[in-house]
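Here is the structure we will look at.
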Protein chains: 4
Amino acid sequence: MFILNPQSGIPIYRQLQEQVRRMVASGQLKPGTPLPSVRDLALAHAINPMTISRAYSLLEAEGLLERHRGKPMTVASQPRGNGATPKRLEQIEAPLDHLVLAARQLQLTEGEVVRALRKKWSESDD
Amino acid sequence: MFILNPQSGIPIYRQLQEQVRRMVASGQLKPGTPLPSVRDLALAHAINPMTISRAYSLLEAEGLLERHRGKPMTVASQPRGNGATPKRLEQIEAPLDHLVLAARQLQLTEGEVVRALRKKWSESDD
Amino acid sequence: MFILNPQSGIPIYRQLQEQVRRMVASGQLKPGTPLPSVRDLALAHAINPMTISRAYSLLEAEGLLERHRGKPMTVASQPRGNGATPKRLEQIEAPLDHLVLAARQLQLTEGEVVRALRKKWSESDD
Amino acid sequence: MFILNPQSGIPIYRQLQEQVRRMVASGQLKPGTPLPSVRDLALAHAINPMTISRAYSLLEAEGLLERHRGKPMTVASQPRGNGATPKRLEQIEAPLDHLVLAARQLQLTEGEVVRALRKKWSESDD
DNA sequence: GTGGTCTAGACCACC
DNA sequence: GTGGTCTAGACCACA
């Protein structure tokens with residue numbers, strides 16, 4: 001259900017956190033939907049339960065998930081007012097910024113970058 | 001000369017390292033060109049000199065820079081053969097991968113992402 | 001500097017979190033002030049460093065503390081816009097609600113409760 | 001009859017336990033009075049019957065309630081001597097302590113706190 | 001069955 | 001020196 005790569009340099013709990021955010025933003029996880037239990041996820045990915053739990057707790061603090069004692073965590077029914085559920089396009093701001101900065105410093109042209117993007121996109125078509 | 005942002009989450013030494021790599025790859029820094037001294041850069045950006053030094057040392061180890069006793073470091077005249085100076089397009093692989101992954105998980109379309117990219121690009125026109 | 005009681009039933013990291021919030025709200029900790037290092041606090045209170053770290057991380061996520069790599073954490077200079085630094089009076093809302101509910105269910109009078117409060121207050125005068 | 005809030009952070013069984021204690025202490029529940037059945041309460045509040053049962057059992061262990069086979073539990077006729085039915089004022093000790101600690105750490109004055117208390121009190125007037 | 005808390009200890013990244 | 005991440009394992013609280 002999630003793609004977690006311990007080698008990637010990015011902390012595991014943060015990978016999970018981002019993916020849940022994206023799945024909520026894209027509607028793949030709807031309000032009320034229960035998330036996989038900490039133990040299940042931990043087992044499935046051979047990862048320490050605390051690491052999973054950490055991601056879930058942070059998401060709860062963000063207001064994106066809700067805890068119901070004794071039951072699995074669920075997607076929050078009404079995201080808190082502080083803009084807890086960012087728009088989908090806002091969520092690629094950071095990687096976009098990163099890409100544009102790098103490309104400009106390499107003095108690439110807009111066309112070259114767009115072409116490279118389209119290529120990567122079709123390669124990732126599965 | 002360089003854009004270093006201590007808040008960005010990306011380690012400072014790595015920001016510097018990448019930017020030097022890009023400027024060499026794009027020809028803005030040519031073989032033989034001297035780099036700013038560690039002290040100057042540190043002062044100019046209010047950053048610990050050890051941090052600058054670390055970036056330079058890593059670039060030297062890569063074969064991209066050369067150290068000459070008593071003189072400032074320079075861009076290496078003939079970059080080593082171990083792929084030290086990758087093609088320019090290869091240098092945006094990482095940010096591209098990151099972007100495509102995020103966008104697909106958000107179930108964005110290729111068109112939306114390209115449009116967002118073009119927008120960011122023109123915004124960064126200075 | 002802080003009062004941490006492992007026996008109190010309230011999680012240690014949460015006790016610390018609340019006390020920092022209060023000290024910031026009351027001005028005892030001013031923007032820019034460095035906090036005790038994780039290791040120092042852990043040693044001083046014979047508590048696992050991770051427990052301290054957890055409180056600090058949550059406070060950072062709240063926007064109340066700032067991380068500066070390699071240096072101790074500090075009180076955030078400009079608390080984030082989402083009302084990260086609640087007014088002092090707002091911070092006793094929860095215990096007040098609790099008290100009033102209990103008192104009313106016990107059918108105590110306002111006078112009795114105020115008198116009990118004043119008594120407790122002077123007892124805690126040190 | 002009872003106010004049970006699953007969201008409040010305080011365990012449900014404990015909320016119930018405290019409220020029964022208070023209603024006995026204040027005379028709203030007199031010795032011999034039958035309590036609502038576990039099933040009824042559970043249904044009315046959409047709460048797991050085991051949770052209700054747990055509160056009742058703890059109150060029975062305290063000596064505040066009595067169990068009669070086949071009949072509903074009742075308020076104990078002569079509460080046991082181990083301080084089972086504390087004075088009413090003693091029952092707000094805990095919330096009072098909590099409030100005073102928080103207020104002092106926030107460097108509020110006695111006047112401010114009393115004023116806030118009076119305000120809350122009148123607001124809860126129904 | 002769920003999640004929460006804490007520990008002890010190892011290792012890493014950064015400055 | 002600073003904080004961050006992860007693990008393994010124990011124990012608790014709640015429904």
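Chain A is the first sequence line, chain B the second, and so forth, proteins listed ahead of strands; every chain is numbered from 1. In what follows, every heavy atom counts, from backbone to side chain, and hydrogens, waters and symmetry copies are set aside.
When all heavy atoms of L16(B) and A55(B) are compared, the closest pair comes out as CD2-CB, 3.7 Å. Across all non-hydrogen atoms, the minimal contact from V100(A) to S124(B) is CG1-OG, 3.5 Å.
Look at CZ on R67(A): it is 14 Å from P on dA13(F), rounded to the nearest Å. Atom CD1 of I52(A) and atom C1' of dT2(E) are 15 Å apart (whole Å). In this entry the distance linking CG of N5(C) with P of dT5(E) reads 16 Å, nearest Å. L65(A) places its CG atom 13 Å from the C1' atom of dG3(E), with the value rounded to the nearest Å. If you measure from atom CG of L58(D) to atom P of dA15(F), you get 12 Å, rounded to the nearest angstrom. Here the P atom of nucleotide dC6(E) and the CD atom of Q7(C) are 11 Å apart, to the nearest Å. Going from atom OH of Y56(A) over to atom C1' of dT5(E) covers 19 Å, rounded to whole Å. For E60(C) and dT2(F), the CD to P distance is 17 Å, given to the nearest whole Å.
H45(B) is linked by a side chain to side chain contact (heavy atoms under 4.5 Å, CB included) to L4(B), L41(B), I47(B), counting only residues two or more places apart in sequence or in another chain. Among residues two or more places apart in sequence or in another chain, the side chain to side chain contact (heavy atoms under 4.5 Å, CB included) test is passed with P11(A) by Y13(A), R14(A). Every residue two or more places apart in sequence or in another chain that forms a side chain to side chain contact (heavy atoms under 4.5 Å, CB included) with L59(B) is listed here: Q17(B), V20(B), R21(B), E62(B), L64(B), L65(B). Contacts of S37(C) classified as side chain to side chain contact (heavy atoms under 4.5 Å, CB included), with partners at least two apart in sequence or in another chain: R39(C), D40(C).
Side chain of S26(C) to backbone of R22(C): a donor-acceptor contact under 3.5 angstrom is found. At least one donor-acceptor pair closer than 3.5 Å links the side chain of Q19(D) to the backbone N or O of I3(D).
Between dT2(E) and S37(A), a contact under 4.0 Å exists linking OP1 or OP2 to a side-chain N or O. Close to dG3(E), at under 4.0 Å from its OP1 or OP2, lies no side-chain N or O of S53(A).
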Exercise for the section: Determine, for nucleotides 9-15 of chain E in 5'-to-3' order, which nucleotides have protein heavy atoms under 4.0 Å from the base (write B), from only the sugar-phosphate (write S), or from neither (write -). Expected result: -----BS
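End-to-end axis angle of the helix from dG1(E)-dC14(F) to dC14(E)-dG1(F), from C1' rotation axes over five pairs per end: 30° (rounded to 10 degrees).
Side chains of T74(C) and R67(C): a donor-acceptor N/O pair is absent below 3.5 angstrom, by distance only.
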